There are 2 protein chains.
Amino acid sequence: MIRVVLADDHDIVREGMISLLKNSDECLVVAQASDGAEALEKALEHKPDVLVVDISMPKMNGLEVVRRVNQQLPDCRILVLTMHEEKEYVIHMVKSGAAGYLVKDSASKELLEAVKRLATGKSYFGQYATEILAEQYRNPDDSFDDPYQNLTDREREVFHLVVQGATTKDIARCLGISAKTAENHRGKVIEKLDVKNTVELVRYAAKKGLL
Amino acid sequence: MIRVVLADDHDIVREGMISLLKNSDECLVVAQASDGAEALEKALEHKPDVLVVDISMPKMNGLEVVRRVNQQLPDCRILVLTMHEEKEYVIHMVKSGAAGYLVKDSASKELLEAVKRLATGKSYFGQYATEILAEQYRNPDDSFDDPYQNLTDREREVFHLVVQGATTKDIARCLGISAKTAENHRGKVIEKLDVKNTVELVRYAAKKGLL
DNA sequence: AATGGGATAAGGGCATACCCCTAGTAGACA
DNA sequence: TGTCTACTAGGGGTATGCCCTTATCCCATT
């Protein structure tokens with residue numbers, strides 16, 4: 001039996017996934033999550049064979065969830081199910097450890113098959129994602145080495161707070177550190193992501209879909 | 001029997017809606033559409049009691065679909081089911097003839113009830129949309145329109161420069177005005193768009209797709 | 001044990017952003 | 001004519017952003 005955890009902030013989408021997966025007696029949905037933080041929590045709690053996760057979610061974005069789950073549960077296979085078709089998403093997700101990528105507008109035909117393949121240790125990428133990855137393979141020069149990956153955990157925390165609209169004081173209060181330190185972390189993020197200032201940082205996040 | 005047409009570009013969402021509606025023997029899904037043009041076409045063809053429609057769809061957006069269906073099929077009740085929480089969408093949809101509005105993150109509990117209520121000639125607005133409408137009723141002065149439309153030409157110029165990453169000095173140089181004046185314009189923009197600071201201004205632009 | 005590097009934390013100093021205010025000019029409108 | 005709005009410019013104060021340096025801790029290498 002393939003044990004699955006579902007994460008999507010729209011419960012109608014989760015409903016659709018459940019409906020599709022229960023057509024098979026090989027899958028069992030053991031938990032659901034409606035935001036990124038909950039997704040990580042439920043994944044760690046249930047240690048599923050497959051985690052199906054959206055990209056844009058409240059509290060913690062899908063990229064971060066994929067990164068952390070991949071780190072802490074290396075045996076958990078991750079399937080990204082999203083409406084985002086930009087190739088950056090595909091590349092970033094695969095680099096962060098996703099084993100599958102489906103877009104929502106054609107997922108119903110492929111979801112069950114994708115989950116099954118992931119459970120057997122294989123990968124599954126929809127037609128769209130496959131083309132992206134093939135092109136990337138042909139032109140490895142198109143550098144997609146994501147500077148976001150080079151951020152430390154602390155910097156990543158600060159990054160997400162900043163792009164969510166938090167001021168230095170907010171960050172300091174939230175993380176229990178001084179405003180000065182929070183400022184410094186932001187400065188390091190700005191340096192590592194090669195942007196001029198906080199405004200450009202938010203622009204960066206918007207382009208990467210991390211808003 | 002309530003005859004329903006579903007329109008959403010994500011087939012996993014349609015799958016979810018079907019799953020929820022078939023729990024009741026009062027509903028029958030007579031057609032589905034994966035874009036706006038098809039939604040209009042299927043609605044005119046099947047003349048359903050209720051049309052469930054998303055806002056963001058290819059070919060024709062949901063607003064246009066609502067307007068046309070309401071015009072050509074005044075007896076067809078329209079339920080908007082969307083991920084968009086901005087109040088402009090709610091107001092515009094209701095003005096265009098929608099009889100219900102649900103957000104996707106809490107739709108599964110309410111969808112069936114909403115469809116049933118619409119079929120009996122009543123309306124159904126989720127908690128979120130209800131609050132928007134109530135607030136709008138209390139303050140009819142709040143312009144329904146996007147506050148972006150209320151910016152002056154100059155303010156709009158400044159707005160675009162800001163969200164493109166320009167600093168006050170950049171703006172002053174670019175527009176041939178003093179830095180102080182540029183600052184004043186930015187301040188007015190921040191005030192009119194009801195955001196806290198420049199970072200939130202960029203977030204606003206990103207949400208509206210103005211990046 | 002000693003060394004060096006990275007992560008984290010914090011403070012000083014200066015630039016910029018933000019917010020309060022006044023005020024002049026020009027064009028639109030009744 | 002008076003009034004309204006948009007655009008312009010500035011004064012002045014506080015808050016925040018941004019850069020630089022320092023200090024501590026941990027970890028891995030020598």
Side-chain angles (χ1 to χ4, degrees), chain A residues 60 63-64 67-68 70-72 96 145-206 210-211, chain B residues 141-143 145-206 210-211:
Chain A
M60 186 188 302
L63 186 62
E64 190 64 22
R67 233 182 45 80
R68 296 209 194 179
N70 194 54
Q71 217 170 43
Q72 300 182 44
S96 297
D145 43 332
D146 189 355
Y148 176 82
Q149 299 296 333
N150 294 341
L151 299 182
T152 66
D153 291 341
R154 201 54 154 175
E155 284 160 359
R156 220 171 275 117
E157 283 184 293
V158 172
F159 171 80
H160 288 296
L161 288 168
V162 168
V163 302
Q164 276 160 31
T167 64
T168 300
K169 284 184 180 173
D170 295 333
I171 298 169
R173 215 175 306 117
C174 184
L175 298 182
I177 57 182
S178 91
K180 271 306 193 183
T181 304
E183 259 177 51
N184 291 335
H185 286 308
R186 178 159 37 76
K188 288 290 286 181
V189 172
I190 286 175
E191 178 193 333
K192 286 188 179 179
L193 299 187
D194 192 30
V195 293
K196 288 204 310 287
N197 49 38
T198 306
V199 167
E200 295 234 311
L201 197 63
V202 176
R203 286 167 50 77
Y204 175 95
L210 300 173
L211 265 183
Chain B
D141 294 339
D142 285 10
S143 127
D145 303 319
D146 192 333
Y148 174 80
Q149 301 298 331
N150 292 346
L151 299 182
T152 66
D153 292 341
R154 201 56 156 174
E155 284 160 0
R156 219 171 278 120
E157 282 184 296
V158 172
F159 171 80
H160 287 293
L161 287 168
V162 168
V163 301
Q164 276 159 31
T167 64
T168 299
K169 285 183 181 174
D170 295 333
I171 297 168
R173 215 175 307 118
C174 184
L175 298 182
I177 57 181
S178 91
K180 209 60 179 159
T181 304
E183 222 176 277
N184 288 337
H185 285 310
R186 179 161 38 74
K188 287 291 285 183
V189 172
I190 287 175
E191 179 192 333
K192 286 189 178 180
L193 299 187
D194 193 28
V195 293
K196 288 205 309 288
N197 49 40
T198 305
V199 167
E200 295 236 310
L201 199 61
V202 177
R203 286 168 51 76
Y204 174 95
L210 299 173
L211 268 184

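Computed from a predicted model, the values in this text were never measured in an experiment. Residue numbers start from 1 in every chain, and the chains themselves are labelled A, B, ... in the order their sequence lines are given, proteins ahead of strands.
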Only residue of A:Arg186, A:His185, A:Glu157 satisfying side chain to side chain contact (heavy atoms under 4.5 Å, CB included) with A:Val162 is A:Arg186

Rounded to whole angstroms, how far apart are NZ on A:Lys196 and P on C:dA15?
19 Å

To the nearest 0.5 Å, tell me how far A:Thr168 OG1 sits from A:Glu183 CD.
4.5 Å

Rounded to whole Å, the CD-C1' distance (A:Glu155 to C:dG6) equals 10 Å

Could you tell me the separation between the CD atom of A:Glu183 and the P atom of C:dT8, rounded to a whole number of Å?
17 Å

Just checking B:Asn197: base, sugar-phosphate only, or nothing, at a heavy-atom cut-off of under 4.0 Å?
sugar-phosphate

Can you check the A:Glu191 CD to C:dT8 P distance for me, whole Å?
14 Å

Using a heavy-atom cut-off of under 4.0 Å over every strand shown, decide if B:Thr181 touches base, sugar-phosphate, or nothing.
base

Could you give me the CA-CA distance, side-chain angles and deciding distance for A:Asp153 and A:Arg68, then say whether salt bridge (Lys or Arg N to Asp or Glu O under 4.0 Å) is met?
CA-CA 10 Å; A:Asp153 291 341; A:Arg68 296 209 194 179; over 6 Å; no

Non-hydrogen side-chain atoms of B:Phe159 and B:Lys188 separated by less than 4.5 Å
no

For a quick test of reading the model: is some side-chain N or O of A:Thr152 closer than 4.0 Å to OP1 or OP2 of C:dG6?
no

Take atom CG of B:Leu201 and atom C1' of C:dA17, then tell me their distance rounded to the nearest Å.
13 Å

Sequence neighbours excluded, the answer for salt bridge (Lys or Arg N to Asp or Glu O under 4.0 Å) partners of A:Lys192 is A:Glu155

So if I take residues 168-179 of chain B and measure heavy-atom distances to DNA chain D, which residues fall below 4.0 Å?
B:Ile177, B:Ser178

A:Asn184 and A:Thr181: side-chain donor and acceptor closer than 3.5 Å?
no

Is any side-chain heavy atom of B:Leu161 less than 4.5 Å from a side-chain heavy atom of B:Leu175?
yes

Which pair of non-hydrogen atoms, one from B:Val158 and one from B:Ala182, has the smallest distance, and what is that distance?
CG1-O, 4.3 Å

Less than 4.0 angstrom between a side-chain N/O of B:Arg186 and OP1 or OP2 of C:dT16, yes or no?
no

Gap between atoms NZ and P, on B:Lys180 and C:dT22 respectively (whole Å):
15 Å

Give a yes or no on whether a donor-acceptor pair under 3.5 Å exists between the nucleobase atoms of C:dA9, that is its base, and the side chain of A:Asn184.
no

Quick one: CD1 on A:Ile190 to OG1 on A:Thr198, what's the gap to the nearest 0.5 Å?
4.0 Å

Would you kindly give the NZ-to-C1' distance between B:Lys188 and C:dC20, to the nearest whole Å?
14 Å

First and last nucleotide of DNA chain D touching chain B, 5' to 3', heavy-atom cut-off 4.0 Å?
D:dA6 to D:dG12

